[in-house]
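Structure first, then comments.
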Amino acid sequence: MLKICFKMKCVLILCVLFQLSFILMVTSSPRVCVIGAGVGGLSTVRYLIKENIKFTALESTKYVGGTWRYDERVGQDEYGQPIHTSMYKHLRTNLPKVIMELHDFPMPKDTPSYPPWENYYNYLKSYAEHFDLYKHIKFQHHVTSVKKIDDIWRVKYKHIPTENEFEEEFEYVVVAAGHHSKPHRPIFPGEHLFKGTIIHSHDYRVPETYTCRRVLIVGSGPSGMDISLDVAYVSKILVHSHHSKIDFRTPFPKNYIKKPDIKEFNGTGVIFTDGTYEDIDDVIYCTGYEYHYPFLDESSGLNISAHSVVPLYRYLVNINQPTMLIMGLVVRACLVVALDAQARYATALIKGDFTLPPQEVMMRDWQRQYDVIRSTGRPLSHIHLLAYKEDEYYAALTEESGIERVPPVFYKIRTMNMQSMLENLYTYRNYAYKILDRDTYEKILLEHEDSPKNIDCTSTS
Ligand SMILES: Cc1cc2nc3c(=O)[nH]c(=O)nc-3n(C[C@H](O)[C@H](O)[C@H](O)COP(=O)(O)OP(=O)(O)OC[C@H]3O[C@@H](n4cnc5c(N)ncnc54)[C@H](O)[C@@H]3O)c2cc1C
Ligand SMILES: *[C@@H]1O[C@H](CO)[C@@H](O)[C@H](O)[C@H]1NC(C)=O
Ligand SMILES: *[C@@H]1O[C@H](CO)[C@@H](O)[C@H](O)[C@H]1NC(C)=O
């Protein structure tokens, strides 16, 4: 009898203890690891602070702003770390400033409509100052490994100057490491014979290197189009190889030569798929970037390839491990605005303002997207394409999480900007956009200078 009583007591105590620890678990604030202090990391940190959520924010470099900081160096930095940024000296944003602002933090009034990188970088620094983010970020701390062990994320990171290593445990991981840093580039036959220079746009900095030279640019994405024009002012010829079906109506300069894809290189130049040949001195591959998260392993449950990260719910939540969020994996969107909305959604999730649907439901949702892509014969990379679905996306984030909605006018301005860009790459930045209300905007032609003249290379042979 006594024995039984004792046992009951034990069970009771155990029960109470169990309940207590359970209560502690659900009420104690979860710990969050934020990887990166670019736009995605900064905005996440801002909202986590606001909600009093415990976090550790880790950034490899000494700086905030990620790819928006121009660094004239290429290759490695003074610590032997790869240079992360892909910024080039003459870059101006390809979206108007009104759709590149972070929530509730307007750019200074005198900021140009399409700011040079420097204005935008300063804007991000003042954002970090205004919300007092610097002291919350561990700079020069590089994440080397993120592993899910039992129910916890075990994160290893290294202080770069001292090489001291740390390990910490987290309930949530927010990956904001960016994805415009690891070059993607094809290799063509005969490249080893070629005597000229070859770089990827990740390492493009200034056009002067190419003064009066015969330059080949490969690719017609945003970098390919923009760098082509930047280089064409100074180069002798600008050969542009791409297979885009987009009708670029831009009045290209006389030294601009459009070519189809590369067939092969030889010692002096390039033969294209139409059989034509051009003498070439320098090649710049503007062939995009690869998704690359070297710190993740199979315990993340993600399937990562050069051009896709799957399966994700809302382009963000790792479905196989829903306590991991990968920021900024949307293509054709107001990326900064999307990052900001994702940061607010992630914070609301971690805070417990809403719960995710069951895993099977998220997976079914993802599978539907996947099936559409497969049945239309498109590459898996299109799983990240927002494009005309951008506004629906913002509506869905709000409906599910209760965050303030990104108004439809953002998507409308982006669409108009795209049209202007296709009409004329030289003039689309001569406009300002004024947001009138959540649905409407005004497009204003600004006073502007004519684009500079190409330099004269006729005397050089
Ligand atoms: C040349 C160029 C031009 C662009 N122009 C525009 C534009 O005009 N408009 C626009 O909206 N977008 C533009 N973009 C897109 C741009 O990437 C986004 O605007 C935005 O900067 C993305 O922010 P992010 O935080 O996702 O990534 P990033 O800015 O790349 O920041 C990621 C940060 O994570 C850090 N990091 C990475 N790995 C680790 C690790 N293992 N441990 C610790 N820290 C790590 C990096 O050091 C970096 O600071 C452009 C991109 C490029 C490359
Ligand atoms: C490369 O090919 C072109 C076209 O066939 C030719 O004119 C040129 O001499 C070749 N260069 C070399 C180094 O073989
Ligand atoms: C990853 O993708 C490959 C190829 O699409 C597929 O065969 C594999 O099952 C996927 N793995 C996981 C873990 O989803």
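Note that ligands are numbered from 1 as they come in the structure, with each ligand's atoms numbered from 1 the same way.
Between Y123 and F105, a ring centre-to-centre spacing shorter than 6.0 Å is recorded. For H384 and Y315, the ring centers are positioned 6.0 Å apart or more. Aromatic ring centres of F166 and H159 lie farther apart than the 6.0 Å criterion allows. The six-membered or imidazole ring of H307 lies near that of H184, with a centre-to-centre distance under 6.0 Å. Not less than 6.0 angstrom separates the ring centroid of H179 from the ring centroid of Y289. For F295 and Y157, the ring centers sit 6.0 Å or farther from each other. Aromatic pair W117/Y70: centroids less than 6.0 angstrom apart.
T67 CG2, 4.2 Å is the protein heavy atom nearest to atom 52 (C) of ligand 1. For atom 5 (O) of ligand 2, the closest non-hydrogen atom on the protein side is I271 CD1, 4.5 Å. Residue, atom and distance of the protein heavy atom nearest to atom 10 (C) of ligand 2 are N266 ND2, 2.5 Å. The nearest protein atom to atom 53 (C) of ligand 1, hydrogens excluded, is given as H180 CB, 3.6 Å; this is a heavy-atom distance. Of all protein heavy atoms, the one closest to atom 9 (O) of ligand 2 is T268 OG1, 4.6 Å. Regarding atom 25 (O) of ligand 1, its nearest protein heavy-atom neighbour is G40 N, 2.9 Å. Residue, atom and distance of the protein heavy atom nearest to atom 41 (N) of ligand 1 are V143 O, 3.1 Å. Nearest protein heavy-atom contact of atom 30 (O) of ligand 1 is H84 NE2, 2.7 Å.
Under 4.0 Å is where a charged nitrogen must lie from a carboxylate oxygen, and between E171 and R31 at least one such pair does. Look at R154 and E168 and you find no salt bridge, because none of the NZ, NE, NH1 or NH2 atoms lies under 4.0 Å from a carboxylate O. Between D340 and R344, at least one side-chain N (NZ, or NE/NH1/NH2) sits under 4.0 Å from a carboxylate O, which counts as a salt bridge.
For V39, a nitrogen or oxygen atom sits less than 3.5 Å from a nitrogen or oxygen atom of ligand 1, counting backbone and side chain alike. Considering both main-chain and side-chain atoms, N94 comes within under 3.5 Å of ligand 1 through a nitrogen or oxygen pair. Here's the thing with W68: one of its N/O atoms is less than 3.5 angstrom from an N/O atom of ligand 1. At a 3.5 angstrom cut-off on N or O pairs, Y277 does not count as close to ligand 2. Polar contact with ligand 1: absent for Y88 (N/O pair, distance under 3.5 Å). The shortest N/O to N/O separation between Y63 and ligand 1 does not fall below 3.5 Å. Of the polar atoms of R92, none of the N or O atoms is found under 3.5 Å from an N or O of ligand 1, judged by distance alone.
Between the side chains of Y210 and D281, no donor-acceptor pair of N or O atoms lies under 3.5 Å. Looking only at atom types and distance, the side chain of S86 has a donor-acceptor partner in the side chain of H202 under 3.5 Å away.
Residue contact check: S86 has heavy atoms under 4.0 Å from atoms 1 (C), 53 (C) of ligand 1. Listed by number with element, the atoms of ligand 1 under 4.0 angstrom from any heavy atom of L58 are 43 (C), 44 (N). Within ligand 1, the atoms closer than 4.0 Å to a non-hydrogen atom of A176 are 32 (C), 33 (C), 34 (O), numbered from 1 in the order shown. Residue-ligand proximity, T61 to ligand 1, at heavy-atom distances under 4.0 Å covers atoms 47 (O). Which parts of ligand 1 touch L95 is read off a 4.0 Å heavy-atom cut-off, strictly below it: atoms 11 (O). When each atom of ligand 1 is checked for a heavy atom of F295 under 4.0 Å away, the hits are 41 (N). Counting the atoms of ligand 1 from 1 in the order shown, those under 4.0 Å from a heavy atom of L335 are 15 (C), 18 (C). Listed by atom number, the atoms of ligand 1 under 4.0 Å from H142 heavy atoms are 40 (C), 41 (N), 42 (N).
The aromatic rings of H103 and Y47 sit tilted, their planes meeting at an angle between 30° and 60°.
Between the K148 side chain and the D297 main chain, no donor and acceptor come within less than 3.5 Å of each other. Although no hydrogens or angles enter the test, the distance criterion places no donor-acceptor pair under 3.5 Å between the side chain of D439 and the main chain of P408.
Within a 4.0 Å radius of atom 2 (O) of ligand 2, the protein has at least one heavy atom.
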*How far apart are the C-alpha atoms of D261 and K263, what are their side-chain angles, what is the distance that settles it, and do they pass the salt bridge (Lys or Arg N to Asp or Glu O under 4.0 Å) test?*
CA-CA 6 Å; D261 288 349; K263 178 164 171 273; over 6 Å; no
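With distances taken over non-hydrogen atoms, the option nearest atom 9 (N) of ligand 1 out of M100, H141, K138, K97 is M100. Across the listed options G178, G66, S223, S60, G178 owns the non-hydrogen atom lying nearest to atom 27 (O) of ligand 1. Checking A177, A57, A343, G36 against atom 32 (C) of ligand 1, the nearest heavy atom belongs to A177.
By the 6.0 Å contact criterion, CZ on R438 is enclosed, its count of non-hydrogen atoms from other residues, nucleotides or ligands being greater than 12. In this structure, E208 places its CD atom where more than 12 heavy-atom neighbours from other residues, nucleotides or ligands lie under 6.0 Å away.
Ligand 1 lies out of reach of M327, whose nearest heavy atom is not under 4.0 Å from it. Residue-ligand proximity: H179 is placed with every non-hydrogen atom at 4.0 Å or more from ligand 1. For the ligand labelled ligand 1, residue G328 lies outside the 4.0 Å heavy-atom shell.
Counting heavy atoms closer than 4.0 Å to ligand 1, residue L339 contributes side-chain atoms (C-beta onward) but none from N, CA, C or O. Looking at E59 against ligand 1, both its backbone and its side chain come within 4.0 Å, counting heavy atoms. By the criterion of a heavy-atom distance under 4.0 Å, the side chain of L91, and not its backbone, is placed next to ligand 1.
The side-chain contact (heavy atoms from CB on, under 4.5 Å) with P96 is formed by just one residue from the set Y428, Y433, Y431; it is Y433.
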